[in-house]
Amino acid sequence: MISSNSKWIKNVSVNWLKTHCTTIIKTKQAQAFLLRNHLFQEKFASSKLISFLALSESGNLNYAHRIFNQIENPDMFIWNTMIRGYSRSPYPFESISLYNLMIQSGVVPDNFTCTFALTACARLQEIKFGRRVHCVIVKIGFQLDVFVLNSLIQMYGNCGSFDDARTLFDEIPVRDVVTWNVIIGAHVNGGFYQEAFDLFKKMRETDNIEPDEVTILSMVSACTQSGNLEQGLILHSYSNEVGFEKNIHLCNAIIDMYCKCGDLGSAQILFESMIKRDILTWTSMISGLANSGYFRESLVLFGQMQFEKIKPDEVILVSVLSACAQIGALDQGKYIHLLMLRYKVKQDVVLETALVDMYAKCGSMDLGLQVFNKMKTKNVFTWNTIIGGLAMNGQGLDALMFFDQMKSEGIMPDDVTFIGLLCACGHTGLVDTGLEIFRSMKEVYDIQPRIEHYGCMVDLFCRAKLVEDALAFIENMPIRANEVVWATLLLGLSRIGIGEHFELAEKVGKRVIELEPDSCGRYVLLSNLYAGKNQWDDSLRIRKEMKSRGIEKIPGYSWIEVNGLVHQFIAGDRSHVQTDEIYMMMEEMRRRVKLAGGHVSGTAEVLFDIEEEEKENSLYFHSEKLAIALGLISTTPGSLIRIVKNLRVCNDCHSFIKVLSQVFNRHIIARDRSRFHHFSQGSCSCMDFW
DNA sequence: ATAGGGTTAG
């Protein structure tokens, strides 16, 4: 009577369990029920609990493990479920531990066990253990199981052992589409794109197997990484033909491919055509825009995403923060900071570092430091961000202090750390410290200086007006000086005031053009050099030479953010809706600066493609001045103005803005392509050297 | 019950 009753309960509960375990709460109820009715040790019952907890998205591996530990003799299915659960979790090593435990307790692994264990090995790149599993497979004889073989190939491929993967692949008796996907994916991940394309062709030819979505996805990724737009387009039209276009993962990868291959238009068309978009769709498009220089557009699209009430994750926020950083959009950056807190976005070093960087690049080191000081985990990226940020903002001594702190916290500096440190020394005029740091980089940290480090040293000497040392340093470099090093010297000379060094400067200027004949900036340097000496014919000659070689001058852009909206200007811009007011303010600026005196209008760095008589005007209407004019009319008197420029601020504007900061009583922070200028009361933080 | 997939930083 009793036994038949318990049998009844068992049957009912098993059926009930099959559909019941859908949430943690319900699973706990089921567990309590099983315990109460002494059914817990029934394998079939407890395995239902385990499989939900270990495999479901909403499960809980830890909890599964606790239940697992209470099972006296787990059967094969339960072992396999646990091993599988861990193999796809962030802790694949646990999977291997359990595999060992299983063998120790005398249970012989089956083909399922081996597949799961191999997945764990693949993810851990544990080839040694993977080979041990391989031996077991041969010993027991699972060589004919295509699942086992596929995961073996995957394991070898992921561990970088292409020979093993390839041998198995060639010897395997039956290959299915996954086999092909695994071997293709391995080659794509290894950077062997041509081989991947060859294999892609062969899968049809030799095995008559049609590619599926995963195949196409891997191939699209190969195009992305190798910049192969042509093949990418073919893959896109193929996936439309066979109906893969509803696969959201694939579409995301294609958007990413278009963006990284420079075809933003096709990316946008696909993005617009998608009916369902996930967070990765948005991330691909938004970061794609930002990476191609469309910063404002990427922020606008992020705004649309907000409008559609999609919760941002930590990855997309990194993208938009870096867009804000590039154009100095502080208000939007602050708003994103707010979103992080409001949505309780996962704490993440990458994100917090991007936040610090955004504040640093907007010239708000105080806010950057606040975030930095609250960060729980910091890595070398984080330290480099704060050190570089301080150096760029003219707080060189603080940068050096943070380096000491970094060392005391046991973080190893890398090559980028030293770029920041050498910049810091340059800004502060600490020549000896710079030399000492340069030496310790090589001798203490065993980091070989790159050409950029030499460039920093040349800059350091020039700032200290040690032209001879700079020259000697260049001559003694173990690697050949490149155009960057020479351009640094030339720029340095022109900042010191060319004077007696004119001949040297001219020689260097010619050298720089020889070394990099395709870069407009190099011609501009030499041309300006002549203009500065009133050698207008030479100056024009260089400009003509540049034009005749078909090299366009990169237009100078300036950005200013007003009430969370970023406005963009080019020289002489008349496209802004408030153009009339802006130009009225420009007139006012000119009048008051002139009245105050101290600003000598120079015509050295003018835009040559404008007629001679307009020289002074074009210089006068440089984009940074237009941006400042908008700033003056749209903010309250006395408040801070921030602008960002994509090129270097020219001499004339620099001198103009200095006086302007005094007469308008404004603190103006201008970021140009290499550093910050904090203008205040008639002077600038760069000490007129940039 | 089994294998294969994309986005972010100095």
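Predicted model, so just to flag it, every value in this text is computed and none were measured. Below, chain A is the first sequence line, B the second, and so on; all start at residue 1.
- Here the side chains of A/I316 and A/M305 are in contact, with some heavy-atom distance below 4.5 Å.
- The aromatic ring of A/F147 does not stack onto the base of B/dA3, failing the criterion of a centre distance under 5.5 Å from the six-membered base ring together with planes under 30° apart.
- Computed from coordinates, the A/R123 CZ to B/dA3 P distance equals 12 Å when rounded to whole Å.
- As judged by a 4.0 angstrom heavy-atom cut-off over every strand, A/D313 is placed among residues making no nucleic acid contact.
- Side-chain contact between A/R84 and A/L55 is present, with at least one heavy-atom pair separated by less than 4.5 Å.
- Applying the 6.0 Å contact sphere to CZ of A/F162 captures more than 12 heavy atoms from other residues, nucleotides or ligands.
- Residue-level contact check: A/T119 touches the backbone only, with heavy atoms under 4.0 Å from sugar-phosphate atoms and none from bases.
- The separation between A/N111 atom CG and B/dA3 atom P is 12 Å, rounded to whole Å.
- Between A/F112 and B/dA1, a base-stacking contact is recorded: ring centres under 5.5 Å apart, planes less than 30° from parallel.
- Looking at heavy-atom distances under 4.0 Å, A/D348 makes no contact with the nucleic acid at all.
- For the pair A/K346 NZ and B/dT8 C1', the computed distance is 11 Å after rounding to whole Å.
- A/Q225 has its side chain within reach of A/V188: a pair of non-hydrogen atoms, C-beta onward, lies under 4.5 Å apart.
- Classification of A/D198 and A/K202 as a salt-bridged pair fails, no side-chain N sitting under 4.0 Å from a carboxylate O.
- One interatomic measurement links the two molecules: CE of A/M305 to P of B/dT7, which rounds to 17 Å at whole-angstrom precision.
- Residue A/V214 is classed as a base contact, given a heavy-atom separation below 4.0 Å to a base.
- Of the candidate nucleotides B/dA9, B/dA3, B/dT7, B/dA9 has the atom lying nearest to any side-chain atom of A/V350.
- Here A/N189 lies out of heavy-atom contact (under 4.0 Å) with every strand.
- Atom CD1 of A/I336 and atom P of B/dT8 are 16 Å apart (whole Å).
- The CD1-P distance, from A/I209 to B/dA3, rounds to 19 Å in whole Å.
- Which of B/dT7, B/dA3, B/dG5 sits closest to the side chain of A/V178 comes down to B/dA3.
- Using a 4.5 Å heavy-atom cutoff, the side chains of A/T382 and A/E352 are not in contact.
- Residue A/S218 is out of contact with every strand shown, counting any heavy-atom pair closer than 4.0 Å.
- Rounded to an integer number of Å, the gap from A/I248 CD1 to B/dT7 P is 15 Å.
- Residue A/I183 contributes atom CD1, which lies 14 Å from atom P of B/dG5 at whole-angstrom precision.
- In terms of polar N and O atoms assigned as donor or acceptor, the side chain of A/D357 never comes within less than 3.5 Å of the base of B/dA9 in a complementary pairing.
- A sub-4.0 Å separation between OP1 or OP2 of B/dT8 and a side-chain N or O of A/K260 is present.
- Within the nucleic acid shown, A/D415 has no heavy atom closer than 4.0 Å to any nucleic acid atom.
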